[in-house]
There are 2 protein chains.
Amino acid sequence: MASTTSARPPGRPRTGVNAVVFAATLSTVRELGYARATVERIAAQAGVAKSTVYRRWPSKGELIVDCLLDAFGPVPLKGDSRAELMSSAIHWIAGKIGEPGVGDAFAGVFSDAVSDPALREILSSRLQDPYRLALQDALDEPENRVLFFIDVVVGTLLHRMGMTGEPMVDADVAALVAMVLPQLADDPGTAG
Amino acid sequence: MASTTSARPPGRPRTGVNAVVFAATLSTVRELGYARATVERIAAQAGVAKSTVYRRWPSKGELIVDCLLDAFGPVPLKGDSRAELMSSAIHWIAGKIGEPGVGDAFAGVFSDAVSDPALREILSSRLQDPYRLALQDALDEPENRVLFFIDVVVGTLLHRMGMTGEPMVDADVAALVAMVLPQLADDPGTAG
DNA sequence: GAGGTAGCGATACCCATGGTATCGAAACTA
DNA sequence: TAGTTTCGATACCATGGGTATCGCTACCTC
């Protein structure tokens, strides 16, 4: 039994262009901004037909979400204490949002989601929830608390990006960390 | 000489429909969301022609910015200490963003501004700067520090609004205040 | 009251963009 | 070879921001 050969569906198999499309998405967003990064331009940049993009992603929003998931990858949860975990997570997401195209794309979908409940649901369940669950587990904090932290950290980073067009500088990221860390309940042994 | 009667420009004077348009803008955004609140619909809701709207505001973005300025009004800077000032300011903006239509409209323009540098400039100079200057003065904090606070507070509130479609609840606003306040340098006499 | 100016409503229009539909060709399985 | 599905190309539709035009109206000045 060669692995799951027989599981392959009939018909012409898809070519492996997802990675190319993701790269084209980020580079197009970086060059032209979110709104001018049309699906047609992204497809052209990827050397692919517009219809191919729409066959794989039902909307521009879902394309961007998948692209962001690919760009982010899993949270690197390193550190011995909860403070170190939180600190490394904040630096990680700040770095990701600072990568060329990523911040613009993130702010862009987020914006679209404001007036598109379906997209909001996708953004929340596909992008936010996995990280939320990982953080809940790693930090041992309740859901509403982790949601609050995500609002603060991601909201702050996106607001800076949206207002200035530039990612937040290291000094301000450090200030963000310094502000958030004390909000974690003291580690066992530190409190009375 | 009755005041500046002669300063009135020639031609038919504008009718006082600004307030009506602002109200129509918020109610339309509240009912349909930002994207579906088209200029044509807003004009119709206000009982005004689309051309009248575009004669007064050069773009949808500027209409929304003016509408928000009208809805926000000046920051009520009350409180004897800087902590009280900051706390009241946070509660104030949280309340405003929670008003029907206001949060959606805010998140909406903000989104548009991401890929529209001209709108970003308007948003920054017309909406953010006045409040930033007032806060710098009232809190006696440097510009970059106040900008950081604005990123944190407004970013957090908008992120919650954008992700859930609902304004932040009081308990979380209180948590936001509790997180930000310690970031103000201690008042004179409190520190060593 | 006549003439100039500018706001107003209505309407037609242009353009960009998200998204759909169609078609012939290609790639793969059975 | 028959069947299935992808691919590229293209035409197409609907929506919405923004512009332009036109006849009308309100106001000021002479």
Side-chain angles (χ1 to χ4, degrees), chain A residues 2-18 20-21 24-25 28-29 32-65 67 105 108-109 111-116 118-119 122, chain B residues 1-18 20-21 24-25 28-29 32-65 105 108-109 111-116 118-119 122:
Chain A
S3 59
T4 52
T5 307
S6 60
R8 179 189 291 184
R12 177 177 177 172
R14 290 191 165 177
T15 53
V17 297
N18 279 31
V20 183
V21 173
T25 301
T28 305
V29 168
L32 304 176
Y34 182 79
R36 296 184 53 202
T38 69
V39 175
E40 218 155 15
R41 272 192 260 258
I42 290 171
Q45 175 89 9
V48 156
K50 180 185 175 185
S51 48
T52 297
V53 173
Y54 274 105
R55 193 174 299 109
R56 293 170 184 228
W57 296 277
S59 68
K60 179 180 178 180
E62 297 213 35
L63 165 62
I64 303 283
V65 168
C67 181
V109 246
S111 315
D112 281 358
V114 169
S115 29
D116 183 344
L119 180 55
I122 288 164
Chain B
M1 311 294 183
S3 58
T4 51
T5 308
S6 61
R8 179 189 292 181
R12 175 177 179 172
R14 292 189 165 177
T15 54
V17 297
N18 279 30
V20 183
V21 174
T25 300
T28 306
V29 168
L32 305 176
Y34 182 79
R36 294 184 54 203
T38 70
V39 174
E40 217 155 17
R41 273 193 258 257
I42 291 171
Q45 175 88 11
V48 154
K50 181 185 174 185
S51 48
T52 296
V53 173
Y54 274 106
R55 192 174 299 110
R56 295 172 183 228
W57 296 277
S59 69
K60 179 179 178 179
E62 296 212 34
L63 165 63
I64 302 284
V65 168
V109 246
S111 317
D112 281 358
V114 169
S115 30
D116 183 344
L119 180 55
I122 289 164

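In the text below, chain A, chain B and the rest are named by the order of the sequence lines, each starting its count at 1.
- In this structure, CD of B:E40 is placed 14 Å from P of D:dT19, rounded to the nearest angstrom.
- If you take CG of B:D112 and P of C:dT17, they are 14 Å apart, rounded to a whole angstrom.
- Phosphate proximity of D:dC28 to B:R8: present, with a side-chain N or O under 4.0 Å from OP1 or OP2.
- Heavy-atom nearest nucleotides on DNA chain C were determined for B:V17 and for A:Y54, and the one closer to the 5' end corresponds to B:V17.
- Between B:R14 and the phosphate of D:dA26, there is no side-chain N or O to OP1/OP2 separation shorter than 4.0 Å.
- Atom OH of B:Y34 is separated from atom C1' of D:dG16 by 12 Å (rounded to the nearest Å).
- Between the CZ atom of B:R36 and the P atom of D:dA14 there is a distance of 17 Å, given to the nearest Å.
- Residues B:S111 and A:V114 approach most closely at OG-CG2, 4.2 Å, considering heavy atoms.
- Between B:I64 atom CD1 and D:dG18 atom P the separation is 11 Å, expressed in whole Å.
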Do nucleotides 22-27 of chain C as a string where each nucleotide becomes B, S or -: B if the base has a protein heavy atom under 4.0 Å, S if just the sugar-phosphate does, - if no protein is that close.
----BB
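- The side-chain heavy atoms of B:R56 and B:V21, taken from C-beta on, include no pair separated by under 4.5 Å.
- At whole-Å resolution of the value, CG in A:L119 and C1' in C:dG18 are 13 Å apart.
- For the OP1/OP2 pair of D:dC7 and a distance below 4.0 Å, the side-chain nitrogens and oxygens of A:T15 include at least one atom meeting the criterion.
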Residues 32-43 of chain B, side-chain donor-acceptor partners within the protein, below 3.5 Å, at least two apart:
from	atom 1	to	atom 2	distance (Å)
B:Y34	OH	B:D112	OD2	2.9
B:T38	OG1	B:R41	N	3.1
B:R41	NE	B:R36	O	2.8

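- Separating the CH2 atom of B:W57 from the C1' atom of C:dG7 is a distance of 13 Å, rounded to the nearest angstrom.
- Counting distance only, with no hydrogens placed and no angle test, the side-chain atoms of A:K50 and the base atoms of C:dG19 include a donor-acceptor pair under 3.5 Å.
- For B:K60, the listed nucleotide lying nearest its side chain is D:dG18; candidates were D:dG18, C:dG19, C:dA6.
- Note: A:W57 CH2 to A:E62 CD = 11.0 Å, rounded to the nearest 0.5 Å.
- Taking 4.5 Å as the limit, some side-chain heavy atom of A:L63 sits within range of a side-chain heavy atom of A:T25.
- Between D:dA9, D:dG18, C:dC8, one nucleotide has an atom nearer to the side chain of A:A49 than all others, and that is D:dA9.
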